[in-house]
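In what follows, residues are counted from 1 in the order of the sequence shown. As a basis for the values below, the full set of heavy atoms in this structure was taken, side chains included, without hydrogen atoms, waters or symmetry mates.
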Amino acid sequence: MNTILIIDDEPCVLSSLQRVLAAEGYDVRTASDDQSALRAVAECPCDLVLCDYRMPGLNGVALLSLIKEKQPDAVRIILSGHADLGGAIRGINHAEVYRFLTKPWDSDDLKVTIKQALAYRTLLLENRRLADQVRRQQETIDALEASYPGIAHVKRSADGAVLVEEGDV
């Protein structure tokens with residue numbers, strides 16, 4: 001089950017978003033200000049953070065930038081009632097925001113966006129896992145090659161089959 005943290009200073013927005021996302025089977029956490037959001041992030045890993053852009057204290061971009069430092073794998077989305085191109089650019093550049101959604105939101109669009117964002121996160125994590133696995137395998141091959149020169153050099157036929165020459169056996 002994916003965990004989503006919703007951050008908004010309006011109780012009715014928190015309640016509405018929580019209801020919509022909990023109905024989709026997500027574990028939904030909420031925070032109404034920057035300090036409670038940072039505590040929530042410190043206490044529990046989140047897969048996705050949905051944050052209001054304009055809040056008292058830190059704005060959404062600044063808050064998501066701090067959250068990115070603490071939980072870099074959490075996908076970050078901003079929800080805003082105000083069109084602000086500068087804020088969008090800062091969000092993308094500093095907090096690596098996945099997407100901006102507008103208030104009032106369309107629940108279907110919100111659900112699809114969350115689903116796509118979580119799928120994107122899964123792909124990034126799998127890509128990182130596979131890259132680490134390839135790196136470890138290459139380190140093993142390099143160590144074997146250092147101990148047994150030539151062991152890592154394999155001759156193949158045009159169809160990819162391994163060729164064994166008489167002197168190799």
message: Do Leu48 and Leu5 land in one hydrophobic cluster if side-chain heavy atoms of ILVMFWY residues count as linked below 4.5 Å?
response: no
query: Are any side-chain N or O atoms of Ser15 and backbone N or O atoms of Pro11, one a donor and one an acceptor, separated by less than 3.5 Å?
result: no
message: Looking at Glu126 and Arg129, is there a salt bridge between them, counting it only when a charged N and a carboxylate O are closer than 4.0 Å?
response: yes
query: To the nearest 0.5 Å, how far apart are CG in Asp33 and CG in Leu38?
result: 9.0 Å
Hydrophobic cluster membership, Tyr53 vs Leu101, 4.5 Å side-chain cutoff: no
message: How long is the straight-line distance from CD of Glu24 back to CE of Met1, given to the nearest 0.5 Å?
response: 12.0 Å
query: Can you hop from Leu124 to Val49 via hydrophobic side chains spaced under 4.5 Å?
result: no
message: Is there a side-chain contact between Leu118 and Tyr26 in this structure, where contact means two heavy atoms from C-beta onward sitting under 4.5 Å apart?
response: yes
- prompt: What pairs with Tyr98 under ring pair (Phe, Tyr, Trp, His ring centres under 6.0 Å), at least two apart in sequence or on another chain?
  reply: Tyr120
- prompt: For the atom pair CG (Asn127) and CG (Asp132), what is the distance rounded to the nearest 0.5 Å?
  reply: 9.5 Å
- prompt: Val13 and Ile114: same hydrophobic cluster, using ILVMFWY side-chain contacts below 4.5 Å?
  reply: yes
message: Can you tell me how far apart CG (Leu130) and CZ (Arg135) are? Round to the nearest 0.5 Å.
response: 12.5 Å
- request: Let me know which of Val97, Leu63, Ile7, Asn59 forms a side chain to side chain contact (heavy atoms under 4.5 Å, CB included) with Ile78.
  value: Val97
Cys46 to Ala74 - nearest heavy-atom pair and separation: O-CB, 3.4 Å
message: So which atom in Ala62 and which in Leu58 form the shortest heavy-atom distance, rounded to 0.1 Å?
response: CB-CD2, 4.1 Å
query: So which pairs with a foot in residues 44-53 pass salt bridge (charged side-chain N to carboxylate O under 4.0 Å, His left out), sequence neighbours left out?
result: Asp47-Arg121, Asp52-Lys103
statement: Nearest heavy-atom contact between Ala117 and Val75 is O-CG2, 3.5 Å
Shortest non-hydrogen separation from Pro72 to Arg76 and the atoms involved: O-NH1, 3.6 Å
- prompt: What is the distance from atom CD of Glu139 to atom CG of Leu144, rounded to the nearest 0.5 Å?
  reply: 12.0 Å
Glu145 and Asp142, any side-chain heavy atoms less than 4.5 Å apart: no
message: Restricting to non-hydrogen atoms, name the atom on Cys44 and the atom on Arg29 that form the minimum distance, rounded to 0.1 Å.
response: SG-NH1, 3.4 Å
side-chain contact (heavy atoms from CB on, under 4.5 Å) between Leu79 and Leu110, worked out: CA-CA 10 Å; Leu79 186 63; Leu110 174 70; 5.7 Å; no
message: Using only atom types and a distance under 3.5 Å, with no angle test, would you say the side chain of Ser16 pairs donor to acceptor with the backbone of Cys12?
response: no
- line: Looking only at heavy atoms, the pair that brings Ala22 and Val28 closest together is N-CG2, 3.7 Å
- prompt: Any chain of hydrophobic side-chain contacts (each under 4.5 Å) joining Ile77 to Phe100?
  reply: no
message: Let me confirm one number: the CG-CD distance from Asp109 to Gln116, rounded to the nearest 0.5 Å.
response: 8.5 Å
